[in-house]
2 protein chains.
Amino acid sequence: MDKVTIADVARVARVSPSSVSNVLNGRSERMKPSTLERIQQAIDQLGYTPNLAARQLKTGHAPIIGLIVPSVANPFYGIFARRIEEAALANGYQVLLGNSDRNPDRERQYAEELWGYGVRGIIFGSSLVQFTHLESLIAKGLHVVAFDRPTQQGDRVIIDSIGVDNVQVTRLATKHLLALGHRRIGFISGPIRTVNRLDRLEGFRAALQEAGVEPDPQLVWEGVASNFGDAAAVDLGRQGAHDLLSKTHPPTAIIAINDMYAFGVYAGARDLGLNVPEDVSVVGVDDIVLAEVVQPPLTTVHQPITDITRLAVERLVGRLQETCTEPLGHQVLSPKLIVRASTARCLQN
Amino acid sequence: MDKVTIADVARVARVSPSSVSNVLNGRSERMKPSTLERIQQAIDQLGYTPNLAARQLKTGHAPIIGLIVPSVANPFYGIFARRIEEAALANGYQVLLGNSDRNPDRERQYAEELWGYGVRGIIFGSSLVQFTHLESLIAKGLHVVAFDRPTQQGDRVIIDSIGVDNVQVTRLATKHLLALGHRRIGFISGPIRTVNRLDRLEGFRAALQEAGVEPDPQLVWEGVASNFGDAAAVDLGRQGAHDLLSKTHPPTAIIAINDMYAFGVYAGARDLGLNVPEDVSVVGVDDIVLAEVVQPPLTTVHQPITDITRLAVERLVGRLQETCTEPLGHQVLSPKLIVRASTARCLQN
DNA sequence: CTGTGTTAGTATAACGTTATACTAAATCGT
DNA sequence: ACGATTTAGTATAACGTTATACTAACACAG
């Protein structure tokens, strides 16, 4: 009742294991239809499923893409993972998922584990500034596609990457707020250790300076979290809002590093008896499904997640099958500001 | 630059592959410390990582737990998956995740694929009423732990299961609304094809009848979805709210099958110019992180997700390692009503 | 100096699959 | 009727690991 092997199938179908293997791998053109049918029947009758470990050992690779995200408990990465899986399936690959909490050690550990399973391609859902922890694996032949990680100064290895222009993301958000008359704008984020967060902070500052507003370092709030990407996002946003909005000169608008933080800012403002957007405008980033549903509907910067995930998988599969000849590098997409009801004209001047 | 095998390590350390294997598997008691050290050094020097496929082929099993959920894009399953992974890691297992959209064919397909990888235990995050599609795999020796699936009438196979008492879940919600004076209570759900949804509907009806209120079938709204568990949840909740609340005799309160649906109900009510809870009370199920953060904070029935996932993994690991001697069956936990601000006394009598 | 025991390993045979190179039988052109 | 070609498969040797059973070398008691 335990394991049915290719040899069992061969015996029942009265052929050699080779023939069964040929059928399994679609090399059945030069085979009598009757034989093919016998083999098919034997497979069904015995309920045979190939041992993938053996197959993989023999062929040297697994039709699996690794996916490492900070935490699938964050709805953004939930939908991200879902779309990656869809695209992978469409290309004949399965997805093996790991949560890293943005911890380089866990990333490396996972990557090595995946490598051991014959996985030769990994997609990273969040990209630390440093990736020296992956260099040795890349040198061995691991293919990597990162989300949001254009080449950085000092990189010794170049990798494929896809994402929106994150400087542009916050530039859009900031300009929108400036146009509404806001001058004191807060910026709330978790630990700024990833390239996209760095870029978003930069875009925020750049847009202010271009408008002749000197950025106030007091208004940039960087949370410290032990467990990133999780429920923590909402809590951090809330905490940041408490801190920023109870200052003597509080900001009149807040840009949150992503929508979950923005929801936290909503809660934090409410805790202080402030209304969004009358007392404080809020902008998020990502445009997750709930952004449109919360009250007030959230003004946010949309990421074309379906395009990003599709391109990421296609690029990775192209590398794995050596059909992609593009040089390694970053593909950039455009973010889009979605104005809803969480931002309003600044009244307190 | 490609593959380093155990033989390479053995050569460098001037021992046999067997000895290296012994070290890898912790059987190094009877080995000279100097030899052990040589082997360790060779491993580090060559950057050797064992080929898990080969190991698995040899040992016959993989230290992997399969996890099949409807869709990790649903925040509830996101956090569910995260907690399962944590518990699995603590027990020395990795998690391989698949999204099934509650489609039996995809469930079976995934389960077979996992079986092929040597996975001998799978956790199901959602449990269809029928599970004949898994019987043959269970007969082969697959261990299954289901979330929310006590044995049903007509089951030919008994499986392990863990979850809250779902009849109780909606009973709590309904009693709460009845106590607030509501008599016309709506029930909004997606396709009722899982045991927990069936149970929740039953609890709802039972509580009404116990209170002497005849359930009105018109107030039970069952959505049809092509892509479950996804963004669809919010949309369905919204659509259900539109339908129910624009009736000539609309309900004064609505129970949503889960929190995402409840958020959709918020949006649907707002679309019609109605306020929660003044015009309509709303209760959800799950108590996801956002339930506390949305406006108004959602009254919902809490599921002890961390306990559930921990118990599920422990039970599965117990089966896999044959250390668990409990008979197969259902472990039941208690749901808890969390009253927040989305429910209020019924004014329209 | 024999026999027993211990130490520190090693040889061997799988695990289930697949790609390559082979072959036996049938068909075909002339 | 003969060699050449095609058809329909098959034998074989890995892939990298591990568990079992083995052994060589040495120590030591009597």
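Because only heavy atoms are used, hydrogens play no part in the values below, and waters and symmetry mates are left out as well, while side chains stay in. In what follows, every chain begins at residue 1, and chains take the letters A, B, ... in the order their sequences are listed.
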For DNA chain D, the residues among [range] that have a non-hydrogen atom under 4.0 Å from it:
{"range": "residues 27-39 of chain B", "value": "B/R27"}
{"range": "residues 40-48 of chain B", "value": "B/Y48"}
{"range": "residues 6-15 of chain B", "value": "B/I6"}
{"range": "residues 50-62 of chain A", "value": "A/L57, A/K58"}

Under 4.0 Å between any heavy atoms, over every strand shown, what does B/T5 touch: base, sugar-phosphate, or nothing? Just pick one.
-> sugar-phosphate
Classify the nucleic acid contact of A/N22 as base, sugar-phosphate or nothing, counting any heavy atom under 4.0 Å across all strands shown.
-> base
Do side-chain atoms of [X] reach the backbone of [Y] as a donor and acceptor pair under 3.5 angstrom?
{"X": "A/N196", "Y": "A/D148", "value": "no"}
{"X": "B/S21", "Y": "B/P17", "value": "no"}
{"X": "B/N51", "Y": "B/A53", "value": "yes"}

Applying side chain to side chain contact (heavy atoms under 4.5 Å, CB included), can you list everything that pairs with [X], at least two apart in sequence or on another chain?
{"X": "A/D155", "value": "A/F131, A/R149, A/T151, A/Q152"}
{"X": "A/S100", "value": "A/I68, A/E107"}
{"X": "B/Q41", "value": "B/E37"}
{"X": "B/R14", "value": "B/R38"}

Indicate yes or no: at least one non-hydrogen side-chain atom of A/P104 is less than 4.5 angstrom from one of A/L128.
-> yes
Under 4.5 Å between any side-chain heavy atoms of A/Q109 and A/E113, yes or no?
-> no
Pick out which of A/I84, A/T309, A/I122 makes a side chain to side chain contact (heavy atoms under 4.5 Å, CB included) with A/L67.
-> A/I84
Please state whether the rings of A/F80 and A/Y77 are parallel, tilted or perpendicular, taking 30° and 60° as the class boundaries.
-> perpendicular
If you round to the nearest 0.5 Å, how far is CG of A/L97 from CD of B/E85?
-> 6.5 Å
Closest approach of A/I64 and A/L96, non-hydrogen atoms and distance?
-> CG2-CB, 3.9 Å
Closest heavy-atom contact between A/V144 and A/L316?
-> N-CD1, 4.4 Å
Start with the C-alpha gap between A/Y117 and B/Y117, add the side-chain angles, then the distance that decides, and say whether ring-ring contact (aromatic ring centres under 6.0 Å, His included) holds.
-> CA-CA 10 Å; A/Y117 277 111; B/Y117 277 112; 7.9 Å; no
Which pairs, with at least one residue in residues 316-325 of chain B and sequence neighbours excluded, count as a side chain to side chain donor-acceptor pair (under 3.5 Å)?
-> B/Y93-B/Q321, B/D160-B/R319
Could you list all the side chain to side chain donor-acceptor pair (under 3.5 Å) pairs where at least one residue sits in residues 52-69 of chain B, not counting sequence neighbours?
-> none
Nucleotide range of DNA chain D lying under 4.0 Å from chain B heavy atoms | D/dG16 to D/dA19
Give me the bend of the helix from C/dC1-D/dG30 to C/dT30-D/dA1, using the axes of the five pairs at each end, rounded to 10°.
-> 50°
